[in-house]
Amino acid sequence: MPDELVVSTPGRICLFGEHQDYLRLPVIPAAISLRITFESKRRRDSLVHISLPDVNSSESFSLEEDFGSLKPGDYFRSVSQILRKAGYTFATGIDCVVRSSIPIKAGTSSSSALVVSWVNVLAQMSEQQRTLDPDQIGRYAHEAEVVAFQQAGGMMDQFSTAYGGVLSIDFFPDTNVKPLDVQLKNFVLGDSGEPKDTQGILSRVKSGVLDIVKRLSANHPEFSLHSATFDHMTEFKKELTENQALLLEGTLQNHEIT
């Protein structure tokens, strides 16, 4: 087992298909050069101590602890719990120093990059010493970040940061990640400094679209977001409110462009 380990994970932007992954529609995200880094050392006891100097914070807990119900955003314990349920065991604890250049709550997947890094660290420093492939890292990270806290997001963020590069990801009928051989040049990422209410936005858009699907499917059993096009909007508008029509228009256009 390694006594020391450095893991680095990129943030990401979505080039095409924003707010589509949780509807099982395709997306094209790209990793960015801003990254989060975990510098980890093995301890002699079962404790985990994580230092987060960028935000003047720290976390400490035991890998033998029964966490019970977790507080929202407690991703360090969530990942540990998910991996233990998957059969990973730990002979010792870990000291970690976490540093990041990814802006927080800015839509660049800072939390997913953190979770993906922690999955990577724990798997490699476990007694099983597993170096996981990006697909498995992404799935564990999604379970620990989204499923465990019943959040509204999809799987784009976890796969994007686990794989890196530019990806085409389909989620229907099954998840399929295809790296794209594309060399992007520079772009400008503007940080307004205004925190993004990620879960609020995701929940509002997701529930809104799912309500639309339910309403249209009642009168059109064949209706599907995967096959509907913007040309169908004239027919659909008659059955929707103005706000619903705008939301569906945006979803269908987003899908077609992607």
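All values below were derived from every heavy atom in this structure, side-chain atoms included, with hydrogens, water molecules and symmetry-related copies excluded.
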Non-hydrogen atoms of [X] and [Y] that approach each other most closely:
X: G87; Y: Q128; value: O-NE2, 3.7 Å
X: G17; Y: C14; value: C-SG, 3.8 Å
X: S112; Y: D157; value: OG-CB, 3.1 Å
X: I94; Y: S40; value: CG2-CB, 3.8 Å
X: R77; Y: E59; value: NH1-OE1, 3.2 Å
X: A30; Y: V166; value: CB-CG2, 4.0 Å

- Item | Salt bridge flag under 4.0 Å for residues K41 and D95 | no

- Message: Test salt bridge (charged side-chain N to carboxylate O under 4.0 Å, His left out) on D3 and R42; report intermediate values, then the result.
- Response: CA-CA 5 Å; D3 288 330; R42 190 172 302 284; 3.7 Å; yes

I want to check something: taking the side chain as every heavy atom from C-beta on, are [X] and [Y] in contact at a cut-off of under 4.5 Å?
X: V55; Y: I104; value: yes
X: P26; Y: H255; value: yes
X: T258; Y: N254; value: yes
X: L25; Y: H226; value: yes
X: Y140; Y: L122; value: no
X: L210; Y: L23; value: yes
X: I212; Y: T251; value: no
X: S80; Y: F90; value: no

As an exercise, state the distance from [atom1] of [X] to [atom2] of [Y], rounded to the nearest 0.5 Å.
X: T108; Y: I102; atom1: OG1; atom2: CD1; result: 6.0 Å
X: D21; Y: D170; atom1: CG; atom2: CG; result: 12.0 Å
X: L34; Y: I32; atom1: CG; atom2: CD1; result: 4.5 Å
X: D211; Y: L240; atom1: CG; atom2: CG; result: 11.0 Å
X: H49; Y: F76; atom1: NE2; atom2: CZ; result: 11.0 Å
X: T92; Y: L63; atom1: OG1; atom2: CG; result: 8.0 Å

- Step by step, work out the side-chain hydrogen bond (donor to acceptor under 3.5 Å, both in side chains) result for Q244 and R215. CA-CA 10 Å; Q244 286 178 324; R215 172 178 286 201; 3.3 Å; yes

Any donor-acceptor pair under 3.5 Å linking the side chain of [X] with the backbone of [Y]?
X: S101; Y: R35; result: yes
X: S78; Y: A144; result: yes
X: S217; Y: H220; result: no

Just checking [X]: does its [atom1] atom have more than 12 heavy atoms from other residues, nucleotides or ligands closer to it than 6.0 angstrom?
X: Q150; atom1: CD; value: no
X: D133; atom1: CG; value: yes
X: K206; atom1: NZ; value: yes
X: F16; atom1: CZ; value: no

- Note on the structure: Besides L167, the hydrophobic cluster formed by Ile, Leu, Val, Met, Phe, Trp and Tyr side chains linked at under 4.5 Å, directly or via other members, contains V27, M155, M156, F159, Y163, I169, F171, V177

Given the rule that I, L, V, M, F, W and Y join up when any side-chain heavy atoms are under 4.5 Å apart, are [X] and [Y] in one cluster?
X: V116; Y: Y88; result: yes
X: L132; Y: Y75; result: yes
X: V213; Y: Y22; result: yes
X: L5; Y: F38; result: yes
X: L47; Y: V121; result: no

- Task: Take D54 and V98, measure what side-chain contact (heavy atoms from CB on, under 4.5 Å) needs, and give me the verdict at the end.
- Result: CA-CA 8 Å; D54 295 339; V98 180; over 6 Å; no

- Task: Decide side-chain contact (heavy atoms from CB on, under 4.5 Å) for V209 and H19; before the verdict, give the C-alpha distance in whole Å, the side-chain angles of both, and the deciding distance to 0.1 Å.
- Result: CA-CA 10 Å; V209 175; H19 294 298; over 6 Å; no

- Query: What pairs with H232 under side chain to side chain contact (heavy atoms under 4.5 Å, CB included), at least two apart in sequence or on another chain?
  - Reply: A228, T229, F236

- Task: Just jot down the side chain to side chain contact (heavy atoms under 4.5 Å, CB included) partners of F230, sequence neighbours excluded, or say none.
- Result: M233, E249, Q253, E256

- Output, in order, the C-alpha distance, side-chain angles, deciding distance and verdict of side-chain contact (heavy atoms from CB on, under 4.5 Å) for F172 and L225. CA-CA 11 Å; F172 182 83; L225 290 176; over 6 Å; no

- Given I82 and V147, is the side-chain contact (heavy atoms from CB on, under 4.5 Å) satisfied, shown in steps? CA-CA 11 Å; I82 295 298; V147 178; over 6 Å; no

